[in-house]
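So the structure is just underneath, and the comments pick up after that.
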Amino acid sequence: MAQPVNPLAEVGKSKKGKRLSPKEFFRKCREQKELLWMTIPFLIWLFIFKYLPLTGWTMAFQNFRPALSTFEQEWVGFEHFQFLFKDARFLEILRNTLAMSFINLILGFVTAIALAILLNEIRNLAFKRVVQTISYMPHFLSWVVVAGLVSTALSIEDGIINTLLVGVGIIDEPIVWLGVGKYFWGIIGASDVWKNVGWNSIIYLAAITSIDQEQYEAAEIDGATRLQKIRYITLPGIRPVFIILLIMNIGYVLESGFEAQYLLMNPLNRDFAENLDIFVLRYGISMANFSLATAAGMFKTVVSIIFLFTANKIAGKLGESRLF
């Protein structure tokens with residue numbers, strides 16, 4: 001049975017499967033010079049808005065004062081970084097960030113893959129389109145709207161969650177879900193799944209579509225059931241895409257979100273809700289401690305880059321698809 005081909009693994013290779021030599025690479029560039037010219041505006045935008053602002057990282061090593069020029073700032077070295085790792089509150093925030101990130105990561109992948117497989121197995125095209133449309137729609141809602149819906153659904157007065165759980169006898173009385181910190185991570189994970197599962201499943205549906213249909217026909221002739229075809233054809237077929245997306249998402253492991261946590265946070269759940277982005281906002285704007293906020297943001301970026309390169313390297317060692 002033919003194995004699915006990963007197109008991402010062929011980038012930078014010749015038709016014979018070998019890496020392009022420098023001479024062949026520049027020849028390819030000349031042949032595709034129109035496409036390269038088209039990338040110039042994007043590269044300019046990238047440089048101006050992504051790389052030039054990195055000069056602001058110098059604030060992490062200063063006691064920055066907005067009224068002073070660059071040469072008048074007081075340099076303090078790694079003082080702000082040392083404060084971060086000695087601050088018990090920052091360590092709690094780091095715990096919250098990692099916990100919510102991994103919950104979103106695991107739930108996001110599992111639900112998106114499951115929905116894509118289920119949609120692929122639907123034979124009624126009209127029903128399939130309806131389900132796809134319904135599942136995609138929440139992605140286009142603002143987190144402000146979603147936070148309002150979540151708060152209403154979890155209300156102790158007439159929230160549908162409490163009403164349903166009390167009605168079926170799972171709980172005896174309504175629970176203040178947003179007032180109990182230990183429930184917050186689960187609420188964020190469930191909210192993120194509801195909002196993005198349909199959108200996240202699109203790429204897996206595309207990957208499933210690219211699998212050679214002859215494999216399914218051969219399996220059907222051999223008497224394979226639907227579950228067997230999913231296990232031995234569909235899942236291995238989308239594995240390269242899964243690995244690439246996993247590597248990319250690991251690079252964002254300290255990006256647990258901002259809007260959902262900020263909008264659903266209150267004094268009762270703050271110890272579990274506050275993450276690195278809210279920490280940066282609180283110190284950088286509310287408390288005008290720009291140096292400490294920059295140090296926290298710099299830490300987040302550096303760790304994310306390390307995670308990305310490490311995950312990419314491990315994938316290569318295991319013989320899986322890599323980003324680079």
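Note that these values count all heavy atoms, side chains included, but never hydrogens, waters or copies made by symmetry.
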* Specify whether F90 and F299 have parallel, tilted or perpendicular ring planes, treating 30° as the upper limit for parallel and 60° as the lower limit for perpendicular. => perpendicular

In terms of side-chain heavy atoms, does [X] have a donor or acceptor partner in [Y] at a distance below 3.5 Å?
| X | Y | value |
| --- | --- | --- |
| W177 | N162 | yes |
| Y283 | S291 | no |
| Q132 | Y136 | yes |

Within the structure provided, determine whether [X] and [Y] are in side-chain contact (heavy-atom separation under 4.5 Å).
| X | Y | value |
| --- | --- | --- |
| L235 | I117 | yes |
| L149 | W194 | yes |
| F42 | F47 | no |
| I188 | I103 | no |

**Prompt:** Which salt bridge (charged side-chain N to carboxylate O under 4.0 Å, His left out) pairs, counting each pair once, include a residue from residues 175-195, with sequence neighbours left out?
**Reply:**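 For residues 175-195: none.
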
Quick note, salt bridge (charged side-chain N to carboxylate O under 4.0 Å, His left out) partners involving residues 244-256, not counting sequence neighbours, are E255-K300

Item checked: Linked, directly or transitively: M248 and I202 (ILVMFWY side chains, under 4.5 Å) ->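 No: no chain of side-chain contacts under 4.5 Å links M248 to I202.
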
For the residue pair R89 and F279, would you count it as a cation-pi contact if the rule is NZ or CZ under 6.0 angstrom from the ring centre and within 45 degrees of the ring axis? no

> When you check the gap from the basic side-chain N to the acidic O, do R27 and E31 get nearer than 4.0 Å?
Replying inline: yes

